[in-house]
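The structure under discussion appears below in the form of structure tokens.
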Amino acid sequence: MDSTAEDGEGTGRRLRELRRARGLKQQDLASDDVSVSYISLIESGKRTPSAAVVALLAERLGCTTGYLLTGQDDTRTRELELKTAFADLSLHNGAHGEALQAFSEALASAPVLPAATVRLARLGQALALERLGRLEAAVQAFTLLYEDPECVAGSAEWSRLATALCRCHQALGDQVLSVEIGERALRRLDRLGLEATDDHIQLGAVLVGCYRARGDLAKARLLADRLLRVADDHGGRTAQRETYWNAALVAQSQGRTDEALALADRARALLAESDHVRHHALLSGVYGRLLLRSDPGHPERARQLLEQSHARLVDVGTPVEQASAQTGLALACLRLDLAAEAEEHASRALALLRDEPRPESVEARAVLAQAQFTAGGSGQAQETLRAAAEQLRQLPPARSSAAVWRRIADIWQQHGYVAEATAAYQQALNDAGLPGLSAPTDRAGAPGTAQEAAV
């Protein structure tokens, strides 16, 4: 068993690395012929295994004897590179679960793969986790790649990772961190003085979305206007599409509906030649909601677009994206006086969101309450609207939450609940940074009326 080999130390190192990559212990490789202590000696380079032992260990590890002895296994490497390519294709086609499994299987054999393929698989794994809604795990995976010394600032990979981190933190509701990461990355690019690339432009476009989510619409519009000029001059179709898309959302948030429709039309034209099903679905949903806000409205056309959006997102979208489409459909049905269908769509949205405290859940509840009021279920609607308000209180105050408070207040007001409407309007002003005046106080600090103060 102690016959010589060219590289006993290298064999031991590869044995240890591959065993750990497989999640195995030394006991798992041991047998009647090879003890645990002998495996430990091989891994530490103190023993050189015989050909028979190498063959036995290779079989248990699922690799070739050639790899254990020399570190080279071209056949296995090609198989894993094909698996990684398949995983990337699955991710593009919306099969996120299949993609995650394939990337993970490839990474289990990371010691056999070239470093570039390993990084590609790690990035794909992180993206698959994000698409599956496993955002905390995705953030961890993206951060490890972003902070790796091999990741060069300003490179395409670096820009994509910064973009992904902005996107994930925004989805997790951490608007402060999402903006901080995006701003820091853009400042770094400015200092490097690099010519704008599609990846740089897309990073800026995501930061526009982060500003918008935080309620900082002035900054969002300034950056969007700047990016539109850069994208038109230097960007490819993908970068232009992302920029016009986010600019349309900012215009929508600022109530510039006609401009938002024009920008969204431009984004749709740029998307026409793409086969990216998820992007087609999301943009159809955005355009459908814009049509509901336009004057005059086009609820039937909006409903068609939102149905198309949802049908595609069932296969390729995240639960939040599917829920947003369902809420949009509920709004369209309300405009078409289809209260029962609106209630059904809003309920489906809430089921997809699993009652998590997030803006999409609050919006779905508000729309559900509106449908219930319209259908004559006043008691149920009041309960739903109070649940929406309670959930909204769990979210950090921002202009976006102020807009939802305003919607809740309008619903209360529309159905004659003045006290509830007044309270919701006041909360909207508070979240927008416009709190009311404090009650007058006497010199001792006790509240009093203006007349009492004069006396």
Side-chain angles (χ1 to χ4, degrees), residues 252-253 257 281 284-311 313-314 317 319-395 400-425 427-428:
Q252 173 191 356
S253 297
T257 304
S284 292
V286 168
Y287 199 79
R289 284 189 176 235
L290 284 171
L291 286 176
L292 288 174
R293 293 189 173 201
S294 63
D295 186 20
H298 302 279
E300 191 58 59
R301 175 59 179 152
R303 186 186 184 190
Q304 292 172 1
L305 286 167
L306 287 159
E307 285 174 343
Q308 293 171 13
S309 173
H310 179 260
L313 288 172
V314 166
V320 173
E321 290 165 351
Q322 295 174 39
S324 181
Q326 289 281 10
T327 304
L329 280 167
L331 287 167
C333 287
L334 281 173
R335 291 286 297 274
L336 293 166
D337 296 324
L338 300 171
E341 291 185 36
E343 190 172 345
E344 185 176 342
H345 285 301
S347 297
R348 288 175 183 168
L350 287 170
L352 285 163
L353 295 167
R354 300 179 182 177
D355 206 33
E356 296 178 10
R358 54 187 309 141
E360 295 86 356
S361 300
V362 179
E363 182 192 26
R365 275 197 167 80
V367 175
L368 176 60
Q370 195 169 354
Q372 290 167 338
F373 269 127
T374 304
S378 177
Q380 194 176 18
Q382 292 178 57
E383 183 180 339
T384 301
L385 210 51
R386 290 192 176 96
E390 182 58 35
Q391 198 167 50
L392 189 52
R393 290 188 186 96
Q394 299 177 48
L395 301 176
S400 55
S401 63
V404 184
W405 277 116
R406 168 65 190 269
R407 171 178 284 182
I408 290 173
D410 287 345
I411 296 171
W412 283 124
Q413 182 74 20
Q414 182 181 353
H415 296 280
Y417 295 89
V418 177
E420 289 85 350
T422 301
Y425 282 130
Q427 191 63 56

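If you read the sequence from its start, that first residue is 1, and numbering goes on from there.
- Atom CG of Leu368 and atom CZ of Phe373 lie 11.0 Å apart (nearest 0.5 Å).
- Take Trp405 and apply the side chain to side chain donor-acceptor pair (under 3.5 Å) test, not counting sequence neighbours, and it matches Asp431.
- A search for salt bridge (Lys or Arg N to Asp or Glu O under 4.0 Å) contacts involving Arg393 returns Glu390, not counting sequence neighbours.
- Applying the side chain to side chain donor-acceptor pair (under 3.5 Å) criterion to Ser294, with sequence neighbours excluded, gives no partner residue.
- Sorted by first and then second residue, the pairs that involve residues 368-377 and meet side chain to side chain donor-acceptor pair (under 3.5 Å), not counting sequence neighbours, are Gln372-Thr384.
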**Test side-chain contact (heavy atoms from CB on, under 4.5 Å) applied to Ile411 and His415, step by step** = CA-CA 6 Å; Ile411 296 171; His415 296 280; 4.1 Å; yes
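- Contacts of Arg303 classified as salt bridge (Lys or Arg N to Asp or Glu O under 4.0 Å), with partners at least two apart in sequence or in another chain: Glu307, Glu341.
- Among residue pairs with one or both ends in residues 361-375, those qualifying as salt bridge (Lys or Arg N to Asp or Glu O under 4.0 Å) are Arg289-Glu363, Asp355-Arg365, Glu363-Arg407; sequence neighbours excluded.
- When all heavy atoms of Ala388 and Val362 are compared, the pair lying nearest together is O-CG1, 3.7 Å.
- A search for salt bridge (Lys or Arg N to Asp or Glu O under 4.0 Å) contacts involving Arg386 returns Glu420, not counting sequence neighbours.
- Scanning both residues, Tyr417 and Ser378, for their nearest heavy atoms gives OH-OG, 3.0 Å.
- Inter-residue side-chain proximity for Pro319 and Leu353 is flagged as unmet; no heavy-atom pair is nearer than 4.5 Å.
- Between Val367 and the choices Leu334, Leu329, Leu350, the side chain to side chain contact (heavy atoms under 4.5 Å, CB included) rule is met once, by Leu334.
- Taking the side chain to side chain contact (heavy atoms under 4.5 Å, CB included) definition, one finds that Thr422 meets it with Val418, sequence neighbours left out.
- With sequence neighbours excluded, the residues forming a side chain to side chain contact (heavy atoms under 4.5 Å, CB included) with Ala349 are Ala323, Gln326, Thr327, Ala364, listed by chain and number.
- Listed by chain and number, the residues in a side chain to side chain donor-acceptor pair (under 3.5 Å) with Ser347 amount to none (sequence neighbours excluded).
- Contact detail for Ala366 and Ile408: the closest heavy-atom pair is CB-CG1, 4.4 Å.
- Residues satisfying the side chain to side chain contact (heavy atoms under 4.5 Å, CB included) criterion with Gln252, sequence neighbours excluded, are Leu249, Ala260, Leu290, Arg293.
- Listed by chain and number, the residues in a side chain to side chain contact (heavy atoms under 4.5 Å, CB included) with Ala281 are Ser309, Arg312, Leu313 (sequence neighbours excluded).
- Annotation for Leu306 and Ala325: closest pair CD2-O, 4.4 Å, computed over non-hydrogen atoms.
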